[in-house]
Amino acid sequence: MATIEYEPVIGLEVHAQLRTRTKVFCRCPAAFGAPPNTHVCPTCLGLPGALPALNREAVAMAVRAGLALGCTIRRVSRFARKNYFYPDLPKGYQISQFDEPLCEDGSLDVPMPDGTTRTVGIERAHMEEDAGKNIHGGVASQGLSLVDLNRAGVPLLEIVGRPDIRSAVEAAEYLRQLRAALMFVGVNDGNLEAGSFRCDANVSVRPRGSSAFGTRVEIKNINSFRFVQRAIEWEVAHQVATVSAGGRVAQVTKTWDDVEGRCNVLRKKEGSDDYRYFAEPDLPPLTVSDAFVDAVRAAPQSLPAARRARYTRDLGLSDNDAKVLTEHPALAGFFEALADRTGDPKRAANWVCNAVKTGFASDGLDATFPVTLEQMAGLFARMDDGTLSGKLAKDVYAQLAGTGDTVDAVIARNGWRVVTDASAIEAECRAVLDANPRQVAAYRGGKRALLGFFKGEVMKRTGGRADPKVLDAVIAALLDA
Ligand code: ADP
Ligand code: MG
Ligand code: ZN
C-alpha cells in the first residue's frame, strides 16, 4: 500500500499588548511589575455600576498596527462581550470584538531562511482587554491560589493569521517578523517573557495535494519562538502518526510542556457559541474618521520590509544581513547611524551583524550594546588610516566591548599597530623562509598554494601585525627572486 504523505497547515493567533500608558477602558497604569492589585479601579475590577471608556491612544496604536499589516480599517467597528467564568476575569466576560473587528484582510511578507519570501494572510486584528493573572502555589500564597488584576484591562490587539503556514520553521519566522513589524511602528514592546507578545498555534494536517483542511488542534499561550517551533513539530508528528494509523485528530486545546517535550490536552476546544457573544451594551460602536486614519498613516514609520528593501537595493547589503539588522529597531538604528557616520554600510553591516550583535541585549524596545557608536566609528577610522588590519581591529574590539575605553587607548596600551615598514617585514619573511627550506623548494617547484603558509607564518611571528599589502609584495619578491 502506498503511504500517504501529509502536509501541515498552521494558522497563528497573536495577542500583542499595545504600549499605552493606561489601560484600555479605565485610567489605571498599564505598566508591568507593580505589586499585585495596585493598578486597579472599580472599572477593571468589574464593580457594579462602573462603566468602560475607550482609550483613544489604544485605538491609534491598533490602527497603526493594522496599517502596518496592510489591513483595511473599518470606519465603524463594534465591541462584544465574550462570556466565560475564570477567577482572573472579574466581570465574568471579556470585552473584545467579534464580527465587526477594527482591522481586516491584511498580509505580512515573511523572509525565510532559504532566501524565499512567503506572504501570510492576516484575517483580522481586533481590540480586546487582557485578563488578570492567577497565581497558584508559591511561598506567599500558603498553598492558596491568588489573583493579581493589574493586567486586567490592559489593551491587546489579537492578530488572527490565515492558515497559510506550512511548517514549524515558517511559523517561527512569521512570528519574528510580526513582532519586528509591531516593534518598528512602536505599538508593542516585543517582550515575550513579560507576556506582551503571546501566541496560540492552530495545527492540522492533510494529505498532500488535498485542498480541504483537517481538524485543528489549538496550542495555547506559547511564549517563546523556540517553543512554538518545537510544539508545532511535535503536534504535526503526533497528528501524522495518528491519522496514518487510521485514527482521527480530536479538536482540542493543548499546552506545550517543554520539560516533557510534548503537548498535553488542556480541554475540549470551545466553539464561539460557547462564549455567548453579544454586542457590548456599555460602549457605543467605535467610529474612526478618515482624518484619524490619515493622521496615524502620516506619522513617520519605517517597517522592517521597507528597510530591508532599502538596505539591499540602495546600500548593497546581502539579504541575510538585511534580515538580521531588521530583527530589532535598535539594531537597525545602530547600523544606520554607523553606516551614515562612516559612509561604509557594508562594513557597518558586517560588524553589526557579527561582533556587535553577539553582545547586543534587548528588553522589549530597550536595548544595550557592547560598544558605543563613537567606539565603532573610532575603530573604522583606524582601519581606514592603516593603523589597524582586520585582524588587529578584531583584537581591539574584544578589549573595547563593555568598557569606556577609546580605540586609541586600546591601541596604545597593547602596542597594536600595523607594521608597514618593509625592511622590518622583510626580516621576518627571511626568517620564515630560512626555517622552512623544504617548503621553499616545493613552492619554487610549482606548489604555489604554499604562499598562504608562508604568509601565515609571518603573521604568527608578528602577532598579526604585518601590513598585509606590504607582506604580499615582500614575500612574493623574496620567493620569486
Ligand atoms: P478560535 O478563536 O476558535 O481559535 P478563530 O477563527 O479566531 O477561532 O481562529 C482561527 C485560527 O485558526 C486562525 O489563525 C486560522 O488561521 C487557524 N485555522 C483555522 N482552521 C485551521 C486548520 N484547519 N488548520 C490550522 N489552522 C487553522
Ligand atoms: Mg483561537
Ligand atoms: Zn482600572
Side-chain angles (χ1 to χ4, degrees), residues 6-15 20-31 34 37-47 50-55 58 80 82 84 90-91 94-99 101 104-108 120-126 128-132 148-155 158-168 170-171 174-175 178 199-207 210-222 228 231-232 235-236 239 243 249-254 266-275 277:
Y6 289 94
E7 168 184 66
V9 173
I10 299 151
L12 302 177
E13 295 163 89
V14 165
H15 288 90
T20 53
R21 204 175 49 77
T22 55
K23 294 185 180 180
V24 61
F25 300 123
C26 64
R27 299 169 74 166
C28 294
N37 298 309
T38 54
H39 292 172
V40 291
C41 73
T43 300
C44 56
L45 288 174
L47 299 186
L51 289 173
L54 182 58
N55 180 339
K82 181 177 182 180
Y84 65 98
K91 297 194 295 292
Q94 176 192 30
I95 303 180
S96 180
Q97 295 189 306
F98 185 50
D99 49 5
E104 286 174 306
D105 278 333
S107 67
L108 184 66
V120 177
I122 308 282
E123 194 176 307
R124 53 192 272 146
H126 64 256
E128 61 183 31
E129 58 179 338
D130 206 349
D148 176 8
L149 293 172
N150 282 349
R151 202 137 121 178
V154 161
E158 177 171 345
I159 302 157
V160 182
R162 293 195 189 278
D164 291 343
I165 295 171
R166 295 290 173 267
S167 75
E170 284 182 13
Y174 165 82
L175 290 175
L178 178 58
C199 166
D200 300 342
N202 295 276
V203 179
S204 64
V205 298
R206 65 182 176 190
S210 146
S211 59
F213 286 145
T215 304
R216 73 178 149 127
V217 164
E218 182 173 39
I219 312 165
K220 278 280 185 200
N221 264 325
I222 324 177
V228 166
I232 295 174
E235 182 57 33
V236 167
Q239 290 186 18
V243 294
V249 173
Q251 184 161 351
V252 291
T253 297
K254 297 188 177 180
L266 191 65
R267 56 175 182 260
K268 183 175 145 285
K269 167 79 183 141
E270 63 291 332
S272 64
D273 290 353
D274 299 334
Y275 290 118
Y277 277 100

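One-based numbering, in listed order, for ligands and for the atoms of each. None of these values were measured; they are calculated from a predicted model.
Checked by atom type and distance alone, the side chain of Q94 pairs as donor or acceptor with a backbone atom of E129 at under 3.5 Å. Side-chain atoms of N37 come within 3.5 Å of backbone atoms of L149 as a donor-acceptor pair (strictly under, hydrogens ignored). Listed for the R166 side chain is no donor-acceptor partner under 3.5 Å among the backbone atoms of E7. Looking at N202, its side chain does come within 3.5 Å of a backbone N or O of G11 through a donor-acceptor pair. In terms of modelled atom types and a separation under 3.5 Å, the side chain of E13 and the main chain of D200 share no donor-acceptor contact.
Note: an N/O pair closer than 3.5 Å links R216 and ligand 1 by distance alone. An N or O contact shorter than 3.5 Å is missing between E158 and ligand 1 by distance.
Using a 4.0 Å cut-off to heavy atoms of L12, the atoms of ligand 1 that qualify are 14 (O). For ligand 1, the atoms closer than 4.0 angstrom to any heavy atom of N202 are 11 (C), 12 (O), 14 (O), 17 (C), 25 (C), 26 (N), 27 (C). Distances below 4.0 Å separate heavy atoms of V160 from the following atoms of ligand 1: 13 (C), 14 (O). If you number the atoms of ligand 1 from 1 as listed, the ones under 4.0 Å from a heavy atom of G214 come out as 23 (N). Interface of G161 with ligand 1, defined as ligand atoms under 4.0 Å from a residue heavy atom, comprises 13 (C), 14 (O), 15 (C), 16 (O). Taking every non-hydrogen atom of F213 and a distance limit under 4.0 Å, the qualifying atoms of ligand 1 come out as 23 (N).
Taking each heavy atom of Q239 and V203 in turn, the nearest pair found is NE2-O, 3.1 Å.
Centred on the Zn ion (ligand 3), the SG atom of C41 and the SG atom of C28 lie at an angle of 100°, reported to 10°.
The 12-atom threshold is not exceeded at CZ of R21, counting heavy atoms of other residues, nucleotides or ligands nearer than 6.0 Å.
Ring-plane geometry between F98 and Y277 is classed as parallel, the angle between the planes falling under 30 degrees on a 0 to 90 degree scale with a further cut at 60.
Contacts with ligand 1 closer than 4.0 Å are made by backbone heavy atoms (N, CA, C, O) of R162 only, the side chain lying farther away.
Distances from the Zn ion (ligand 3) show that C44 has an N/O/S atom below 2.8 Å.
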